[in-house]
There are 2 protein chains.
Amino acid sequence: MQTLVSACPIEDVMRVLSGRWPTLLLYYLKDGTKRFSDLRRDNATVSHRILAHELRKLEQAGLVMRTAFPGYPLRVEYDLTPAGVQLVPLIENLADWWEAGAPARREMSRAAP
Amino acid sequence: MQTLVSACPIEDVMRVLSGRWPTLLLYYLKDGTKRFSDLRRDNATVSHRILAHELRKLEQAGLVMRTAFPGYPLRVEYDLTPAGVQLVPLIENLADWWEAGAPARREMSRAAP
DNA sequence: TCCTGGTTACAAAAATGTCCGTAATTTACT
DNA sequence: AGTAAATTACGGACATTTTTGTAACCAGGA
């Protein structure tokens with residue numbers, strides 16, 4: 001966009017993590033090396049166009065490392081970088097927080113017909 | 001509506017937090033009650049149309065509580081709910097993680113001219 | 001021909017924005 | 001006194017930008 005580096009780190013993180021896929025991909029990569037097709041299987045609803053695009057974004061943000069092997073059929077592996085590894089538990093915290101609030105949300109939807 | 005509750009809590013949280021404004025608004029609300037116009041001043045770039053929209057989303061997600069007072073000029077106050085209060089430190093963790101990686105990112109951009 | 005990991009061109013959907021209108025009261029000006 | 005703003009928190013009609021998706025194509029070896 002306009003500002004290369006905004007004053008606010010929250011804005012900066014969310015520029016990377018916003019959207020449907022980035023956090024999910026990080027989560028699936030936490031178990032170790034995955035190939036492109038593995039990641040497609042992990043989340044069947046992502047199109048391969050988007051997957052390629054999101055992986056490049058994560059790579060540029062320094063969260064994911066791409067390793068391409070020579071030869072055919074092609075083979076490309078993706079791993080979390082150390083920064084990516086550190087991020088995963090923070091995402092899991094968010095997920096836990098959400099689940100802790102789940103009963104309250106069910107309560108709310110019952111109260112608002 | 002398709003799925004009331006998706007199988008994956010990560011997807012669910014990000015549906016709420018994705019985008020430029022939700023996390024910022026939560027962060028600004030952590031200091032206590034704010035009025036609509038206060039929040040506009042806190043982040044000058046948000047349009048009031050979007051601000052109203054995002055606040056309603058956060059309200060429906062149970063993170064923010066809206067209190068409208070009768071009389072004119074209108075007066076509406078926004079506060080974090082308990083769930084919202086619990087979420088703020090998790091967002092701050094993300095910001096801290098980002099800042100911890102900032103030196104490495106500067107290194108990268110120097111290495112790629 | 002199929003496989004893998006992409007790419008491009010195009011299309012739909014979602015997020016974000018601008019501009020204008022509204023309500024009832026206070027203030028400011030003539 | 002009479003009237004014209006200003007104020008506050010929105011809502012609706014658009015326009016634009018970003019994200020996400022679909023479909024087709026490529027490379028080069030088994």
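Labels below follow one simple rule: chain letters A, B, ... track the order of the sequence lines, proteins then strands, and each chain is numbered from 1.
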task = Send over the distance from A/Leu51 CG to D/dT20 C1', rounded to a whole Å.
result = 13 Å

task = Please state how far atom NZ in B/Lys57 lies from atom C1' in D/dC10, giving the value in whole angstrom units.
result = 18 Å

ask   = What is the nucleic acid contact for A/Tyr78, judged by heavy atoms within less than 4.0 Å: base, sugar-phosphate only, or nothing?
value = sugar-phosphate

remark   = Atom CG of A/Leu39 and atom P of C/dG5 are separated, to the nearest Å, by 10 Å

key: Atom of B/Val88, atom of B/Leu80 and distance for their closest heavy-atom approach   = CG2-CD1, 3.7 Å

inquiry  = Under 6.0 Å from the ring centre and within 45 degrees of the ring axis: does the NZ or CZ of B/Arg15 meet both conditions for the six-membered ring of A/Trp98?
reply    = no

remark   = Testing C/dT16, C/dT4, D/dG21 for proximity to the side chain of B/Arg20, the answer is C/dT16

query = Whole Å only: how far is the CD atom of A/Glu77 from the P atom of C/dT4?
reply = 14 Å

Review item, nucleotides 19-21 of chain C N/O atoms under 3.5 Å of protein N/O:
none

Considering only nitrogen or oxygen atoms on both sides, find all protein atoms under 3.5 Å from nucleotides 2-4 of chain D and state each distance.
none

ask   = Just to confirm, is there a sub-4.0 Å distance from OP1 or OP2 of D/dT7 to any side-chain nitrogen or oxygen of B/Ser37?
value = no

query = Touch check for A/Arg40, heavy atoms < 4.0 angstrom, all strands: base, sugar-phosphate only, or nothing?
reply = nothing

inquiry  = Quick check against the 3.5 Å criterion: does A/Thr81 have a side-chain atom that pairs as donor or acceptor with the backbone of A/Gly62?
reply    = yes

request  = Using a heavy-atom cut-off of under 4.0 Å over every strand shown, decide if A/Ser47 touches base, sugar-phosphate, or nothing.
outcome  = base

query = Do the side chains of A/Leu26 and A/Val64 get nearer than 4.5 Å, heavy atoms only?
reply = yes

Nearest listed nucleotide, side chain of B/Arg35, among C/dG6, D/dT8, C/dT4 = D/dT8

note = In short, A/Val13 meets B/Ala95 closest at the heavy-atom pair CG2-CA, 3.9 Å

query = Atom CZ of B/Phe36 and atom CG of B/Leu55: how far apart are they, to the nearest 0.5 Å?
reply = 6.5 Å

key: Gap between atoms CZ and P, on A/Arg75 and C/dC3 respectively (whole Å)   = 18 Å

task = Output the single nucleotide from D/dT8, D/dC10, C/dG17 whose closest atom is nearest the side chain of B/Trp21.
result = C/dG17

remark   = Closest of C/dT18, D/dT20, C/dT7 to the A/Glu54 side chain is D/dT20

message = If you compare all heavy atoms of A/Leu24 against all heavy atoms of A/Asn43, which two are closest, and at what distance to 0.1 Å?
response = CD1-ND2, 3.3 Å

request  = Give, for atom CZ of A/Arg40 and atom CD1 of A/Ile50, the distance between the pair rounded to the nearest 0.5 Å.
outcome  = 11.0 Å

task = Mind calculating the distance between CG (B/Leu74) and C1' (D/dT7) to the nearest angstrom?
result = 9 Å

query = Can you tell me how far P of D/dT17 sits from CD1 of B/Ile50, to the nearest Å?
reply = 15 Å

ask   = Taking atom P of C/dT25 as reference, at what distance in whole Å does atom CZ of B/Phe69 sit?
value = 18 Å

request  = For residues B/Gly19 and A/Ser18, report the shortest heavy-atom separation together with the two atoms involved.
outcome  = N-OG, 2.8 Å

ask   = Which of these nucleotides, D/dG11, C/dA23, C/dT16, is closest to any side-chain atom of B/Tyr72?
value = C/dA23

query = So, B/Asp38 and B/Arg35, do they make that salt bridge, N to O below 4.0 Å?
reply = no

